[in-house]
Amino acid sequence: MQLEIAPSSYVSQAYLLAAMLTAMASHAQRALLFFPFRRYLHTRIRNRPLLPLTSRANSFIPQLPHSRLSRTLSSQALHEASYPPRSILIVNKLRTDPVIGAIDELLNHVAKTYPGVKVFSEDRPDIPFGTQVWRPGPHAEKIDLVVTLGGDGTILHAASLFSLGAVPPVLSFSMGTLGFLLPFHIDDFVKGLEAVFQGKATILDRMRLSCTFYDKDRKKIGFGDDEWQVMNEIALHRGSSPHLNTIDIYVDGQHLTEAVSDGVIVSTPTGSTAYSLSAGGPIVHPSLSAVVLVPICPRSLSFRPLVFPSSSSVTLRIGDRSRAAAGVSMDGRVSHVLNPGESVTVQASPYPVPCINRSSISDYGDEQPGEEGVGPGKEDDWVRDINNLLQYNATFRSKALLRYSGKT
């Protein structure tokens, strides 16, 4: 049986063959055009010079093994601090009996193990015995290491003492308070100091925000020396007023939006687990350099939090139509009130807070086989902290399993 093909089928096949030939020719032409550019791009990437290792990583002491050096973040304060430390500033919370005992043990250990090291304390009535008075300012005594005993608020206070320049490395000890900024327990102060004085300390630079205030005529408003940099966040809020704030938000000079809300928060990655988190902001890893913008109870449901690069400059201006002035809170401290027409410009500070990691007192490769996660002192403690402290995405079932398995 012979199959006959209608003339219309010949036409369809001809059109199909012509389309295939056209596509093949077009593809071949694009390949020929792209090939020289691909060779050029490959040559540029292959011949691109790499940065020297010393410019990509730094540490508390230059002579570190490469394995630890590669995991150490650079800090401007490390270039100004002496090694080994010759001066220590102790910053502590209210001197209760446990704090007094911990300070006495720490001072005795420093005097016996590291003789010749000067120990300073803030100018306050309960200055520990055996320490010298230290006052912040441009002519203050040089500090090579800050040791804090308390909670997260103690670290924020210690950072505020260095508003005019670089912050020395901060070694923080917890006094029974849970927080994201407390890598060491007070029982580990011997190991922590040993890691610093032996040059084994690893540093995490926690960025700060620099805040500049302006009046209606864009003239700078003077403030105290200890209020122009924040480690957590700066918040504009309506305070005791029953009316919402009207705040114009500018990013790099461009008008972003008019916020009608209870206020606005500009946060660092470190502060993303503080007030910003309570207002619905995102959780940002502290090793990132970013500026987080979070509205406080906005009138518009489409006003969502935003994350900008650290190179961005955010200006918050109280609108002329705002029915209420805005209170300014910086790291939990009430500092000023902005009236309609006044503004504040927030940008990344050139002086971060170099915090010594918990990994400084651990030996790499000491993980126990068969255990989930990592052992104490590893650099991904942040992941463990958001699970243990925030109970991140913890369901009722997982909480029950942790309870019955004896894990906390």
Side-chain angles (χ1 to χ4, degrees), residues 77 80-82 85-112 114-179 181-190 192-193 196 206 208 222-232 270 274 328-336 351 353-356:
E80 301 181 7
S82 300
R86 301 173 185 173
S87 57
I88 298 176
L89 174 63
I90 295 180
V91 180
N92 59 276
K93 64 177 185 179
L94 184 65
R95 294 198 68 193
T96 58
D97 290 338
V99 176
I100 294 175
I103 292 178
D104 291 340
E105 291 185 14
L106 189 147
L107 291 177
N108 292 333
H109 175 74
V110 171
K112 294 179 181 179
Y114 312 106
V117 175
K118 296 181 180 180
V119 181
F120 296 89
S121 181
E122 292 183 82
D123 187 7
R124 45 192 290 182
D126 57 351
I127 180 173
F129 177 77
T131 62
Q132 305 179 37
V133 176
W134 184 85
R135 298 179 180 87
H139 305 291
E141 187 82 15
K142 180 183 177 182
I143 299 298
D144 297 326
L145 177 67
V146 178
V147 176
T148 66
L149 295 89
D152 285 352
T154 307
I155 303 177
L156 297 178
H157 173 65
S160 69
L161 298 176
F162 299 89
S163 297
L164 302 179
V167 184
V170 178
L171 181 63
S172 56
F173 295 104
S174 169
M175 293 297 296
T177 304
L178 294 178
L181 306 179
L182 302 170
F184 299 97
H185 192 270
I186 188 59
D187 295 338
D188 294 327
F189 77 88
V190 175
L193 290 174
V196 172
R206 294 181 178 267
R208 290 196 292 179
F223 281 83
D225 292 338
D226 62 338
E227 295 182 342
W228 75 283
Q229 292 191 87
V230 294
M231 185 176 177
N232 266 0
T270 297
V328 180
S329 175
M330 307 174 72
D331 281 349
R333 299 171 296 162
V334 178
S335 62
H336 196 63
Y351 306 111
V353 180
C355 297
I356 297 178

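Note that the numbering runs from 1 along the sequence shown for the chain.
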Those residues at least two apart in sequence (or on a different chain) that pass salt bridge (charged side-chain N to carboxylate O under 4.0 Å, His left out) with E105 are none

I'd like to know whether K118 forms a side-chain contact (heavy atoms from CB on, under 4.5 Å) with E141, so could you lay out the CA-CA distance, the side-chain angles of the two residues, the decisive distance to 0.1 Å, and finally the verdict. CA-CA 10 Å; K118 296 181 180 180; E141 187 82 15; 3.9 Å; yes

Could you list the residues that satisfy side-chain hydrogen bond (donor to acceptor under 3.5 Å, both in side chains) with T154, not counting sequence neighbours? none

With side chains defined as the heavy atoms from C-beta onward, is the minimum distance between L145 and L193 less than 4.5 Å? yes

The side-chain hydrogen bond (donor to acceptor under 3.5 Å, both in side chains) partners of D97 (sequence neighbours excluded) come to none

Side chain to side chain contact (heavy atoms under 4.5 Å, CB included) with V146: which of I90, I88, I155, V170? V170

Does the side-chain contact (heavy atoms from CB on, under 4.5 Å) test come out yes or no for I356 and F184, once each step is laid out? CA-CA 9 Å; I356 297 178; F184 299 97; 4.2 Å; yes

Listed by chain and number, what are the salt bridge (charged side-chain N to carboxylate O under 4.0 Å, His left out) partners of D187, not counting sequence neighbours? none

Residue set satisfying side-chain hydrogen bond (donor to acceptor under 3.5 Å, both in side chains) with D126, at least two apart, ordered chain then number -> R124

Closest heavy-atom pair, L149 versus A102, reported as atoms and distance to 0.1 Å, is CD2-CB, 3.9 Å

Report the residues that fulfil side chain to side chain contact (heavy atoms under 4.5 Å, CB included) with P136, sequence neighbours left out, ordered by chain and then residue number. W134, L161

Which class fits the ring pair Y114 and H109: parallel under 30°, tilted 30 to 60°, perpendicular over 60°? perpendicular

